[in-house]
Protein chains: 2
Amino acid sequence: MTGQLPTTRRPTRQRTAIAEALSHSPEFRSAQEIHARLAEGGAGVGLATVYRNLQAMAADGEVDVIRTEDGEAVYRACATEDHHHHVVCRGCGLAVEVTGDSVERWAEAVAAEHGFVQVRHTVEVEGLCGDCARRR
Amino acid sequence: MTGQLPTTRRPTRQRTAIAEALSHSPEFRSAQEIHARLAEGGAGVGLATVYRNLQAMAADGEVDVIRTEDGEAVYRACATEDHHHHVVCRGCGLAVEVTGDSVERWAEAVAAEHGFVQVRHTVEVEGLCGDCARRR
DNA sequence: ACAGTAATGAGAACCGTTGTCAAATTCATG
DNA sequence: CATGAATTTGACAACGGTTCTCATTACTGT
Ligand SMILES: [Zn+2]
Ligand SMILES: [Zn+2]
Ligand SMILES: [Zn+2]
Ligand SMILES: [Zn+2]
């Protein structure tokens with residue numbers, strides 16, 4: 001679908017650090033958060049580099065990116081590279097991955113019904129996780 | 001669901017102009033676009049005012065707001081105030097409104113399944129409309 | 001008309017993000 | 001290992017959308 005060009009990327013300390021930091025979080029993180037975390041963790045990485053790599057990873061489908069309510073881009077390394085969606089807790093940010101054939105079919109159908117092609121969709125479910133709900 | 005406080009809003013020339021401009025477009029428009037359109041249309045409206053009113057309208061559910069791929073907020077006056085979604089053309093911006101009980105149910109179900117409450121969801125379908133597809 | 005309150009607008013400030021470009025790193029190749 | 005071409009990095013400036021500030025203006029009820 002998306003022209004997967006033979007992306008040649010070089011392994012660098014920075015890229016690894018970013019991927020590493022991301023892989024240890026069950027929550028979506030902003031570029032700035034990653035940058036801060038790496039900074040305090042000793043081995044700092046330039047802010048621009050964090051942005052560039054996160055974008056590259058997202059483009060390669062290695063990580064998922066969604067937009068926060070105020071337009072900030074947040075990233076998350078997902079367990080699977082297959083198409084899926086998230087249920088995100090607006091209290092703690094916890095995100096669980098879910099799949100749903102019914103949504104996929106619905107999106108396709110409703111788009112085709114109106115003559116649209118090359119269809120893509122974004123679906124995000126948001127609420128309060130059990131813990132956060134209890135804590136109120 | 002969302003506490004609909006008795007929002008007291010005063011009628012002003014600006015507010016009307018914005019609502020008017022918005023109501024005549026089947027496409028999502030950014031605050032800046034609205035501002036520009038109003039400016040060239042003689043009766044100018046301050047940029048800050050455009051932002052404020054669009055936000056207020058969105059909060060009141062009078063208009064829908066979605067985030068463009070690069071994080072820009074775009075607004076659209078919808079035919080119905082009931083809950084619904086859109087299929088947007090990434091070529092020309094044309095947006096058609098759709099409803100889908102199946103998605104609604106799916107969202108509820110999948111959230112509940114993971115112990116989430118106070119669930120909300122965003123669903124946007126995006127592709128190329130017939131015209132734009134032909135034009136390539 | 002009058003006072004009280006909400007709304008406006010010009011501009012500054014904010015903040016996430018992207019661009020710049022010289023210096024550093026990686027990868028072939030010899 | 002030495003060398004050079006190609007990538008990547010990082011400090012910092014610049015950008016663009018959005019929000020803030022606050023003096024001025026427009027509504028509203030009495
Ligand atoms: Zn939570
Ligand atoms: Zn999907
Ligand atoms: Zn189109
Ligand atoms: Zn829905």
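Below, chain A is the first sequence line, B the second, and so on; all start at residue 1.
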Engineer: What residues, two or more places apart in sequence or in another chain, satisfy salt bridge (charged side-chain N to carboxylate O under 4.0 Å, His left out) together with A/E81?
Structural biologist: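 A/E81: no salt bridge (charged side-chain N to carboxylate O under 4.0 Å, His left out) contacts found.
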
Engineer: Taking side chain as C-beta onward, heavy atoms only, is B/R15 less than 4.5 Å from B/R10?
Structural biologist: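 No, every pair of side-chain atoms sits at 4.5 Å or beyond.
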
Engineer: Look at B/R15 and C/dA7 and indicate whether a side-chain polar atom (N or O) is within less than 4.0 Å of OP1 or OP2.
Structural biologist: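 Checking B/R15 against C/dA7: at least one side-chain N or O falls below 4.0 Å of OP1 or OP2.
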
Engineer: Taking five pairs at each end, how big is the angle between the two axes of the helix from C/dA1-D/dT30 to C/dG30-D/dC1, to 10°?
Structural biologist: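 The two end axes of the helix from C/dA1-D/dT30 to C/dG30-D/dC1 meet at 40°.
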
Engineer: Return yes if the base of C/dT25 and the side-chain atoms of A/R13 contain a donor-acceptor N/O pair under 3.5 Å, otherwise no.
Structural biologist: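 A donor-acceptor contact between them is absent.
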
Engineer: On the 0 to 90° scale, with breaks at 30° and 60°, tag the A/H121-A/H83 ring pair as parallel, tilted or perpendicular.
Structural biologist: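 If you compare the ring of A/H121 with that of A/H83, the planes turn out perpendicular.
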
Engineer: Using a 4.0 Å heavy-atom cut-off across all strands, classify A/E33 as base, sugar-phosphate, or nothing.
Structural biologist: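 It contacts nothing in the nucleic acid.
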
Engineer: Would you say that B/L38 contacts B/Q14 through its side chain, given a criterion of any heavy-atom pair below 4.5 Å between the two side chains?
Structural biologist: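 When only atoms from C-beta onward are counted, B/Q14 and B/L38 do not touch, as no gap falls below 4.5 Å.
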
Engineer: Determine the contact category for A/T49: base if any of its heavy atoms lies under 4.0 Å from a base atom, sugar-phosphate if only primed atoms, P, OP1 or OP2 are that close, otherwise nothing.
Structural biologist: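 Counting heavy atoms under 4.0 Å across all strands, the contact made by A/T49 includes a base.
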
Engineer: If you define the side chain from C-beta out and look only at heavy atoms, does anything of B/V123 sit under 4.5 Å from A/W106?
Structural biologist: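 Contact flag for B/V123/A/W106 side chains = yes.
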
Engineer: List for me each residue that meets salt bridge (charged side-chain N to carboxylate O under 4.0 Å, His left out) alongside B/R9, sequence neighbours excluded, and say none if there are none.
Structural biologist: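 Listed in chain order: B/D60.
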
Engineer: With a 3.5 Å cut-off and just heavy-atom distances, do the side chain of B/R52 and the base of C/dG9 make a donor-acceptor pair?
Structural biologist: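 Check passes, donor-acceptor contact within cut-off.
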
Engineer: When you list every nucleotide of DNA chain D with an atom under 4.0 Å from a heavy atom of chain B, which one comes first 5' to 3', and which comes last?
Structural biologist: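 Going 5' to 3' along DNA chain D, contacts run D/dG17 to D/dT28.
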
Engineer: What N/O pairs connect the protein and nucleotides 14-16 of chain C at under 3.5 Å? Give each pair on its own line.
Structural biologist:
| from | atom 1 | to | atom 2 | distance (Å) |
| --- | --- | --- | --- | --- |
| C/dG16 | OP2 | A/Q32 | NE2 | 3.3 |
| C/dG16 | O5' | A/Q32 | NE2 | 3.4 |

Engineer: With sequence neighbours left out, which residue pairs that include part of residues 31-46 of chain A fulfil the side chain to side chain donor-acceptor pair (under 3.5 Å) condition?
Structural biologist: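 Matches after skipping sequence neighbours: A/Q32-A/Y51.
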
